[in-house]
Amino acid sequence: MTVPKVIVIGKMNDIVIEKLQEQCELKIWDKPTPIPEQLLKDWLKNAEGMISRGDVKVDEDLLSHAPALRVIAQSSVGYDNVDLDACTKHSVPFGNTPGVLVEATADLTFGLVLSSARRIQEGWEYVKEGKWDSPFNIPLGVDLYGKTLGIVGMGNIGRSVAKRAQASGMEIIYHNRSQRDENEILGAKYVSFDGLLEQSDFVVVLVPLSDSSRQLFGKKQFSKMKSTSRFINASRGAVVDTEALYEALVNKEIAYAALDVTDPEPINTDHPIINLENILITPHIGSATHETRLAMATLTVDNVLAGLNGKKLPTCVNNSVNYSSML
Ligand code: DGY
């Protein structure tokens, strides 16, 4: 029996690598830098499985160098680096990791909401810089209680953020391309995109990156928001026009931004937005906990093994793929 060859791009937990190694021959690129294109194409010549990463462009060109490929899996819920139609055309199922990262990402997103309201990080800077010279000289924030949280992109993560916000006494409104009943049951009210921008005290962005969401937030959108509003992005950096956000923060068209994602990533430390006082940026850590990353890696390996065995992936994105042609 031949052992299937699998490419692994990214650093994965030893436990899941060992599980994969029991059944497959691995070629591993675990450096944080992108894998050189030619090396990947060489490896793909006889690979049957691939674990990809957000910095790999999975498109027609790459797939045309992968004649034996039968499955691709990736440890993320987002897959904006992947051309799904090309995967389907090549009969390659693609699996992502929804579900397992919902609570961790919701925690981080709500942490950014809370921090933007209560200036937690500024408070720490204040203490370190020796500005806390009296118990009566402290920076004031704003309440969450009674405020309106607007979620753009109400999916599983959005609903988990909404639960946390409701526990803090917030009103929830949301905008999706289509209204979803289960969000009404949670007490979240559907509003138009402009209505959300105008009414929200906190705007939380959780949309996947696509042609329709790229640069969704620009000058016009920031100008519609309250000057006291706080903007939180935990989806993809390219959903926002960074220059427009910078201007909106400088001109106090909005009060504050808390970002877990930037465009590009990592953001250049020379960018003037870094030095503003009304911004907090974290390095794309939405799902970055030990437990969640292990669960994501385990699901990724389960997806790969299912694909190699000609079975339906536990979490396949391109469900219309022709599985039978893989056997
Ligand atoms: C995801 O799962 O898409 C996270 O943003 C990590 O890339």
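Values reported hereafter were calculated over all heavy atoms of this structure, with side chains retained and with hydrogens, waters and symmetry mates removed. Both ligands and their constituent atoms are indexed starting at 1 by order of listing.
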Chemist: Can you name the atoms of ligand 1, numbered from 1 with element, that are less than 4.0 Å from a heavy atom of L101?
Modeler: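 Going through ligand 1 atom by atom, the ones under 4.0 Å from L101 are 2 (O).
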Chemist: Step by step, would you call K224 with E198 a salt bridge (charged side-chain N to carboxylate O under 4.0 Å, His left out)?
Modeler: CA-CA 6 Å; K224 289 189 175 161; E198 286 157 13; 5.6 Å; no
Chemist: Is it possible for you to check whether K27 lies under 6.0 Å from the centre of the six-membered ring of W29, through NZ or CZ, and within 45° of that ring's axis?
Modeler: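 K27 over W29 ring: no.
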Chemist: Taking the side chain as everything from C-beta on, heavy atoms only, tell me whether R230 gets closer than 4.5 Å to V203.
Modeler: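 The answer is no, as the side chains (C-beta and beyond) never meet within the 4.5 Å cut-off.
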Chemist: Evaluate R236 for polar contact with ligand 1, using N/O atom pairs at a separation under 3.5 Å.
Modeler: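 Yes - when backbone and side-chain N and O of R236 are compared with those of ligand 1, one distance drops under 3.5 Å.
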Chemist: Just say parallel, tilted or perpendicular for the rings of H175 and F193, cut-offs at 30° and 60°.
Modeler: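 Tilted, since the angle between the ring planes falls between 30° and 60°.
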Chemist: Taking NZ, NE, NH1 and NH2 as the nitrogens, is one of them in E60 or K89 under 4.0 Å from a carboxylate oxygen of the other?
Modeler: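 Result for this pair is yes, salt bridge flagged.
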Chemist: Looking at atom 2 (O) of ligand 1, what's its closest protein heavy atom, distance included?
Modeler: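 In this structure, atom 2 (O) of ligand 1 has V77 N, 2.7 Å as its nearest protein heavy atom.
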Chemist: Going by the order shown, which atoms of ligand 1 are within less than 4.0 Å of some heavy atom of S76?
Modeler: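 Within the 4.0 Å cut-off of S76, ligand 1 contributes 1 (C), 2 (O), 3 (O), 7 (O).
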Chemist: Can we say D80 and K57 salt-bridge, meaning some charged N sits less than 4.0 Å from an Asp/Glu carboxylate O?
Modeler: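 Judged by the 4.0 Å cut-off on N to carboxylate O distance, D80 and K57 do not form a salt bridge.
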Chemist: Could you tell me whether T105 approaches ligand 1 through its side chain, its backbone, both or neither, with non-hydrogen atoms closer than 4.0 Å?
Modeler: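 Within the 4.0 Å criterion, T105 makes no contact with ligand 1.
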Chemist: May I ask you to identify the nearest protein heavy atom to atom 4 (C) of ligand 1, giving residue, atom name and distance to one decimal place in Å?
Modeler: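 I find the closest protein heavy atom is H284 NE2, 3.6 Å.
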Chemist: Before signing off on this row, confirm whether G78 and ligand 1 have an N or O atom pair separated by under 3.5 Å.
Modeler: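 It does: an N or O of G78 is found under 3.5 Å from an N or O of ligand 1.
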